[in-house]
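Scroll down for the structure; my scribbles are underneath it.
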Amino acid sequence: MTSYKDLGLANTREMFKKAVDGGYAVPAYNFNNLEQLQAIIQACVETKSPVILQVSSGARKYANATLLRNMARGAVEYAKELGYEIPIALHLDHGDTFELCKDCIDNGFSSVMIDGSHHSYEENVALTKKVVEYAHQFDVTVEGELGVLAGVEDDVVAEKSTYTKPSEVEDFVKKTNVDSLAISIGTSHGANKFTPSQCERNAEGVLVPPPLRFDILKEIEKRIPGFPIVLHGSSSVPQAEVDTINKFGGKLDDAVGIPESQLREAAASAVCKINIDSDGRLVMTAAIRKVLAEKPGEFDPRKYIGPARDALVVMYKGKNENVLGSAGKA
Ligand code: 13P
């Protein structure tokens, strides 16, 4: 058993309390390689922001669980080395079984998500409760989910979304004793969050997605005041990155994300954790494609992954400062 406390990590309890009281959201950035992690830590130290490092089960398979755990330990040291100590959580994104959550808790994670949203309500309650009972023995915090997000994320695929039913949230939180709740109010995973038929086109021909269901969020807040709410699928899919990818040989058709103005509005509410993965993928891909297209003779990975890392730092800093409001809160 490796406790996250021995790695210098923090659970999310205190982070969320401060975020709910302060009207901002803590960034939850996914990582599966060195340069993403360097960029996340550098950006969060430079903006003095707390951060949740997210690892999906797909990332654990890709990068190796032992390596990822020790990278998170290294991230804590790296942040100190950069000159400012920030709270860092290591979180399992979309855990789908008790066994996976237990394995992460036993191996240094400070927070886990158990996503029982694809099961019946009763099964979701039972599974979430089981994970919470195990996690809380070790002071690990747990995120549950009610409602289903559409989209594709690593191993998680859902074709249709189902909005969270506000009538279920009080009962779910009470029965499971979960620490935070992911809800579905119109966000979705990936770079194509909506089909063109769900959107309108503006004068420039750019897709404008339907607005998030803030009415559902408000109803949920009314029923569980001050309880930490989580938004998955919150990349804004910057058009400039999509254009760069397409200009340098990529093919991303009709990519569309969540407008930053709506994320800002969510962050000012009880939403205290905002999950961003796809924007990092887009920024990295755009930068790498640009270097390889402009310098076809380049074959040193540091020369194309390095600029991608620099671009990630800029993007993450911008999120903390201008979207989530987490800058200066660590
Ligand atoms: P995006 O695909 O919008 O980045 O969402 C990531 C996410 O929700 C991770 O759980």
Side-chain angles (χ1 to χ4, degrees), residues 12 25-32 36-37 39-40 43 51-60 62 68 89-96 100-101 104 109 111-118 142-159 161 164 180-195 198-199 207 209-210 212 228-239 241-242 245 252 254-260 262-264 266-267 271-286 312 315-316 318-320 323-324:
T12 56
V26 179
Y29 297 133
N30 290 71
F31 83 102
N32 53 52
Q36 290 167 332
L37 183 61
I40 294 167
V51 68
I52 297 168
L53 300 173
Q54 284 200 149
V55 172
S56 64
S57 64
R60 277 187 109 212
Y62 172 80
L68 282 178
L90 178 63
H91 174 78
L92 170 67
D93 193 22
H94 290 288
D96 55 351
L100 174 60
C101 291
C104 288
F109 280 62
S111 174
V112 292
M113 175 190 196
I114 177 67
D115 180 0
S117 64
H118 301 271
V142 180
E143 175 183 320
E145 177 161 334
L146 274 177
V148 179
L149 265 71
V152 182
E153 193 207 17
D154 288 348
D155 299 341
V156 184
V157 182
E159 282 185 358
S161 72
T164 304
S180 60
L181 183 65
I183 60 166
S184 171
I185 57 166
T187 60
S188 87
H189 293 120
N192 291 76
K193 298 193 183 301
F194 306 95
T195 60
Q198 291 173 303
C199 303
L207 293 174
L212 297 181
I229 301 296
V230 177
L231 266 197
H232 282 246
S234 297
S235 280
S236 34
V237 186
Q239 193 57 43
E241 305 298 337
V242 174
I245 290 172
L252 285 181
D254 294 325
V256 62
I258 310 295
E260 291 194 334
Q262 293 190 32
L263 295 170
R264 233 174 267 134
V271 169
C272 64
K273 171 175 178 269
I274 289 191
N275 288 11
I276 295 170
D277 185 1
S278 297
D279 281 354
R281 299 181 185 200
L282 291 168
V283 165
M284 208 165 184
T285 303
L312 281 176
M315 189 271 286
Y316 291 131
K319 295 277 183 200
N320 295 351
V323 185
L324 310 188

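When a residue number appears, it is its place in the shown sequence, counting from 1. All values below come from the heavy atoms of this structure, side chains included, with hydrogens, waters and symmetry mates left out. All ligand and atom numbering here is 1-based and tracks the order in the structure.
With a 4.0 Å cut-off on non-hydrogen atoms, Ala28 does not touch ligand 1 at all. Under 4.0 Å from ligand 1, the heavy atoms of Ile276 that appear belong solely to its backbone. Only side-chain heavy atoms of Asn30 come within less than 4.0 Å of ligand 1; its backbone N, CA, C and O stay farther off.
Residue contacts with ligand 1: Lys193 is included, with a non-hydrogen atom under 4.0 Å away. Heavy atoms of Met113 come nearer than 4.0 angstrom to ligand 1 in no pair at all.
Near Gly190, meaning under 4.0 Å from any of its heavy atoms, are these atoms of ligand 1: 2 (O). Listed by atom number, the atoms of ligand 1 under 4.0 Å from His94 heavy atoms are 10 (O). Residue His232 has at least one heavy-atom neighbour below 4.0 Å for each of these atoms of ligand 1: 8 (O), 10 (O).
With sequence neighbours left out, Thr285 forms a side-chain hydrogen bond (donor to acceptor under 3.5 Å, both in side chains) with no residue at all. With sequence neighbours excluded, no residue forms a salt bridge (charged side-chain N to carboxylate O under 4.0 Å, His left out) with Asp96.
Relative ring orientation between His94 and His189 is described as perpendicular, the plane-to-plane angle rising above 60° on a 0-90° scale split at 30° and 60°.
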Side chain to side chain contact (heavy atoms under 4.5 Å, CB included) assessment of Lys273 paired with Glu143:
CA-CA 10 Å; Lys273 171 175 178 269; Glu143 175 183 320; 2.7 Å; yes

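Only one option out of Asp93, Ile183, Asp115, Ile274 pairs with His232 in a side chain to side chain contact (heavy atoms under 4.5 Å, CB included); it is Asp93.
A donor-acceptor pair shorter than 3.5 Å cannot be found between the side chains of Asp277 and Ser235.
At a threshold of 4.5 Å between non-hydrogen side-chain atoms, the residues Leu68 and Leu53 do not count as touching.
For atom 2 (O) of ligand 1, the nearest non-hydrogen atom from the set Ser278, Gly257, Ser235, Ser236 belongs to Ser278.
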